[in-house]
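Here's the structure, in structure tokens; my notes come after.
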Amino acid sequence: MEHHATKLKLLFICWLLLVPTGIIVAYQFFPSEPMELYLVAAFLVFAGIVSYFPIIFNETPIFLTQWITLVAFLLHGLFYEILFLQFSIIMLMFSLKIKKDELYRYFLNSVMFLFVSLISGITFYAVGGEIGNHTFSDLIGPLIIYQLVNFIANQILYHWSGIFLGKKERFFAKI
């Protein structure tokens, strides 16, 4: 129990240092296209609904908010993607009714998905991707790279989280 409490404290401190900082970095260094308040509300409602009703596959919740956050990212930028994804994680944890001894799952997933968003978003910008209204041909290359980096970063961080939690996980999750 003491070991679990130590890990929870460590995760909370990491979350407290990293997530607000990551959101500020996204806001300051990767300017977003302005988003009307009604659109913010619509994205939050849609992301919340999708997150609250995850697909359970092999006892693993799968939530499809990536498609919502991808649209937010492509139209409005990294800041909004991170904001909506963090909200989605909160809704997912509510839907799973996590217990106090599972609280680490929120902090771990929040930090993990923050890094996935930052890494893939920064890569998108680095290969010439631009947010806003562009043609599909302008987006296809950077978008493919974004999705590949997103997938690989997710798998690596998922693997590392398993190591942190003392679980033996395959590098690529078994389907």
Side-chain angles (χ1 to χ4, degrees), residues 15 18-58 60-96 98 105-161 172-173 175:
W15 180 87
L18 296 172
V19 173
T21 303
I23 291 170
I24 291 167
V25 165
Y27 184 79
Q28 290 291 328
F29 296 103
F30 303 98
S32 298
E33 292 289 322
M35 187 182 261
E36 297 289 334
L37 191 55
Y38 76 91
L39 277 177
V40 172
F43 270 99
L44 287 173
V45 167
F46 195 42
I49 290 169
V50 170
S51 299
Y52 197 79
F53 300 104
I55 299 166
I56 306 297
F57 186 75
N58 286 340
T60 302
I62 299 170
F63 63 118
L64 302 175
T65 53
Q66 180 184 10
W67 302 111
I68 298 165
T69 60
L70 177 62
V71 171
F73 172 70
L74 291 174
L75 294 177
H76 299 282
L78 187 57
F79 171 73
Y80 287 106
E81 176 196 1
I82 291 171
L83 211 60
F84 298 144
L85 188 56
Q86 292 298 315
F87 176 75
S88 297
I89 293 167
I90 293 168
M91 294 305 292
L92 177 66
M93 294 300 129
F94 275 126
S95 78
L96 296 176
I98 62 167
R105 292 172 66 182
Y106 168 72
F107 300 117
L108 185 62
N109 281 294
S110 179
V111 170
M112 187 175 94
F113 283 114
L114 169 75
F115 279 111
V116 169
S117 290
L118 284 172
I119 292 166
S120 53
I122 291 169
T123 302
F124 176 84
Y125 293 123
V127 298
E130 294 180 11
I131 60 167
N133 294 323
H134 296 283
T135 64
F136 183 72
S137 61
D138 291 339
L139 287 175
I140 190 68
L143 187 55
I144 289 171
I145 293 169
Y146 168 90
Q147 287 295 92
L148 284 171
V149 169
N150 191 286
F151 175 76
I152 292 167
N154 185 53
Q155 289 299 312
I156 290 169
L157 292 173
Y158 178 75
H159 181 72
W160 286 350
S161 70
F172 287 98
I175 297 177

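Just the heavy atoms: all of them, side chains too, but no hydrogens, waters or symmetry mates, feed the values below. Numbering of residues begins at 1 and proceeds along the displayed sequence. Given the structure is predicted, the values throughout are model-derived calculations rather than measurements.
A distance of 5.5 Å separates OG of Ser117 from CD1 of Ile82, quoted to the nearest 0.5 Å. With rounding to the nearest 0.5 Å, the separation of CG in Leu85 from OG in Ser51 is 8.0 Å. Atoms CD1 and OG, on Ile156 and Ser161 in that order, are 12.0 Å from each other to the nearest 0.5 Å. Note that CG of Leu44 and CG of Leu39 are 10.5 Å apart. Values are rounded to the nearest 0.5 Å.
Counting only distance, with no hydrogens or angles, the side chain of Ser95 and the backbone of Leu92 share a donor-acceptor pair below 3.5 Å.
A parallel orientation is assigned to the rings of Phe73 and Tyr146, their planes being inclined by less than 30° (bins at 30° and 60°).
Applying the side chain to side chain donor-acceptor pair (under 3.5 Å) definition to pairs two or more places apart or across chains, those involving residues 66-80 are Gln66-Gln147, Gln66-Asn150. Among pairs with a residue in residues 36-55, those fulfilling ring pair (Phe, Tyr, Trp, His ring centres under 6.0 Å) read Phe43-Phe84, at least two apart in sequence or across chains.
For Ile56, the CD1 atom is densely surrounded, since the number of other residues' heavy atoms within 6.0 Å is greater than 12. In the displayed structure, Tyr125 atom OH is contacted under 6.0 Å by more than 12 heavy atoms of other residues, nucleotides or ligands.
At a threshold of 4.5 Å between non-hydrogen side-chain atoms, the residues Tyr27 and Ile24 do not count as touching. Put simply, the side chain of Asn109 reaches to within 4.5 Å of the side chain of Met112, judged on heavy atoms. In this structure the side chain of Ile90 reaches within 4.5 angstrom of the side chain of Phe94, judged on heavy atoms. Taking 4.5 Å as the limit, every side-chain heavy atom of Leu108 sits out of range of all side-chain heavy atoms of Trp15. Counting heavy atoms from C-beta on, the side chains of Phe30 and Ile122 come closer than 4.5 Å.
Leu74 approaches Leu139 most closely through the heavy-atom pair CD2-CD2, 4.3 Å. Nearest heavy atoms, Ser110 versus Val19: OG-CG2, 3.6 Å. Closest heavy-atom contact between Ser120 and Val149: CA-CG1, 3.7 Å. Shown here for Ile140 and Ser137, the closest heavy-atom pair between the two residues is CG2-O, 3.6 Å.
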